[in-house]
Structures are given as structure tokens and as C-alpha cells.
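Encoded as C-alpha cells, the structure appears first; notes follow it.
What you see is a predicted model, and the numbers here were worked out from it, not measured in a lab. Counting starts at 1 for both ligands and their atoms, in listed order.
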Amino acid sequence: MAPKLYYAKMSPPCRASLLTIHALGIDVELVPINLAEQQHLTNAFLKLNPFHTVPTLEEDTFTIWDSHAINAYLVEKYGADDSLYPKDLAKRVVVDQRLHFDSGVLYARLKAILISIRQDGAKIVAKDKADSLIQGFTLLETLLEQNKFVAGDSLTIADFSIVSTVSSANVLVPLASNRFPQILEWLSRMQALPYYKKGNQDGLDIFASEIKSKVIVR
Ligand SMILES: N[C@@H](CCC(=O)N[C@@H](CS)C(=O)NCC(=O)O)C(=O)O
């Protein structure tokens, strides 16, 4: 039986999993979860994932959540090769570092802004929160000065996680071309992937229209 991915198209981490699925070309049943209708808080969903987050992956015998763990698992289990998540330890640890950079820095800082908007009703992005995101962009820029992709010369799941976060963050705190030329070039490389539109852009467009209806973006 194909695994099931519970997801919301507009969610950045869900889009990282969609990019992984489309890159691998694998058969995964996509089950939409409407966060606005609190479908992630139903008893049935909480049984699957007590952390009530999407994406959540359901396999025959177990359930796993957190996009970074899901994406690594999908490549290991279903990938025709290991290029998106190398088995070579010296390469893998670099990918892992970038995945933690996404979780702990980039996505965490984006999420702080999203909570201020969606839960606290902020109408603008607070300066300290924008600065903290920009500091994350600056770290990413230094990585991309040395590498074509975020973990080296080839595309990995770390690019999928970071592009879903950074393309969403760019809606709220636009990437200045004079400060972040490497990020913008990498973004264009990612946009050229044949599955980028269905993996990220379609959901990003929904995300952007929701956000722009709630905040004034400078
Ligand atoms: N680190 C997690 C973050 C997942 C996450 O925060 N998902 C949000 C949607 S973007 C969510 O499910 N929010 C609902 C909730 O936390 O109750 C991942 O990468 O999967």
C-alpha cells in the first residue's frame, strides 16, 4: 500500500515533502488537512500525530512527522539512488547540518512571524523578527557563496526544506538583491526544476495570498 502524506499545500514544510515526493517520482497518497478548519486537532488526527503538525506520513506499521525526518526516510526507502540524501557519511552530515539549520534557524524564525500574524493579529512584521530572519538569510548567503546548492554541488533534500522556507519568508521579508545575490540565483535554479511548480510554487501562491490579506508587506 502506498504511504499517505497528510498535508496542507500552503505549509512550507509540507511543500518540502511534496518537492521530495515529486523529485523521487513515487506513489504517495496525498491527504489534504485544512488547518483553518482545525482538521489537525481532531481525535483521529491526534491519534496519528499527537504533535498535530503537518506534514505527517503514515506507513503500514508506523506514523512519522516532521518534514525533515519524512524526507530523509522517503529517499532512504523509495529513492532509486541516494543522491538527494547521500549515504556517504561526510556528505550526509553536511545535509543534516543544513536540515537542522532550516528547522532551528530559518523555519523557526519564519514561524515566529507567522504566529504573530495568525495568532496575535499583527498587521506588520515586527522589526526584531524581520532582523532575525535577515540574519538567517545572511548565514544562508555565505553558504551559497561557496556552493551551487545548500549542501554542496548537488541537489539534496536540504534544498527542498530551505527553498520552501525561504520562498515563503521572501513574501514577508523580501530578499534584497544587493544583499542576497547568491540566494536569489539559487532560488532561480530551484525554480527551474521541472517539479518546482507543483511541489512549491502552487502552495506558495496560496500562502502569499493568505499572508498579503493579513499584513502590510513593505
Ligand atoms: N518542524 C516541523 C514543523 C511543522 C509545522 O509547524 N507545521 C505547521 C504548518 S506549517 C502545523 O502543522 N501547524 C499546526 C500546529 O502546530 O498545530 C516540520 O518540518 O514538519
Answer side chain, backbone, both or neither: which part of Tyr107 comes under 4.0 Å from ligand 1, heavy atoms only.
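The side chain, only.
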
Ligand 1 versus Pro13, non-hydrogen atoms closer than 4.0 Å: side chain, backbone, both, neither?
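It is the side chain that touches ligand 1; the backbone stays farther off.
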
Tell me: protein heavy atom nearest [atom], and distance?
atom                    : value
atom 6 (O) of ligand 1  : Lys111 NZ, 2.7 Å
atom 16 (O) of ligand 1 : Thr53 CG2, 3.7 Å
atom 7 (N) of ligand 1  : Val54 O, 2.9 Å
atom 17 (O) of ligand 1 : His52 ND1, 2.8 Å
atom 20 (O) of ligand 1 : Ser67 N, 2.8 Å
atom 2 (C) of ligand 1  : Asp66 OD2, 3.4 Å

May I ask whether Pro55 has any heavy atom positioned less than 4.0 angstrom from an atom of ligand 1?
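Flag set, Pro55 near ligand 1.
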
Could you go through the side-chain contact (heavy atoms from CB on, under 4.5 Å) check for Thr20 and Tyr78 one step at a time?
CA-CA 11 Å; Thr20 305; Tyr78 298 105; over 6 Å; no

Among Asn49, Thr63, Leu5, Ile64, find the one that has a side chain to side chain contact (heavy atoms under 4.5 Å, CB included) with Glu58.
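Exactly one option meets the side chain to side chain contact (heavy atoms under 4.5 Å, CB included) with Glu58, and it is Thr63.
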
Kindly check if the number of other-residue, nucleotide or ligand heavy atoms within 6.0 Å of CG (Asn34) is above 12?
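Enclosed.
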
For [X] and [Y], does a side-chain donor sit closer than 3.5 Å to a side-chain acceptor?
X      : Y      : answer
Arg15  : Ser168 : yes
Glu76  : Tyr85  : no
Gln135 : Asp131 : no

Thinking salt bridges, do Lys9 and Glu210 make one under a 4.0 Å N-O criterion?
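No, Lys9 and Glu210 are not salt-bridged.
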
In terms of atom number and element, which parts of ligand 1 are under 4.0 angstrom from non-hydrogen atoms of His68?
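In order of number, 19 (O).
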
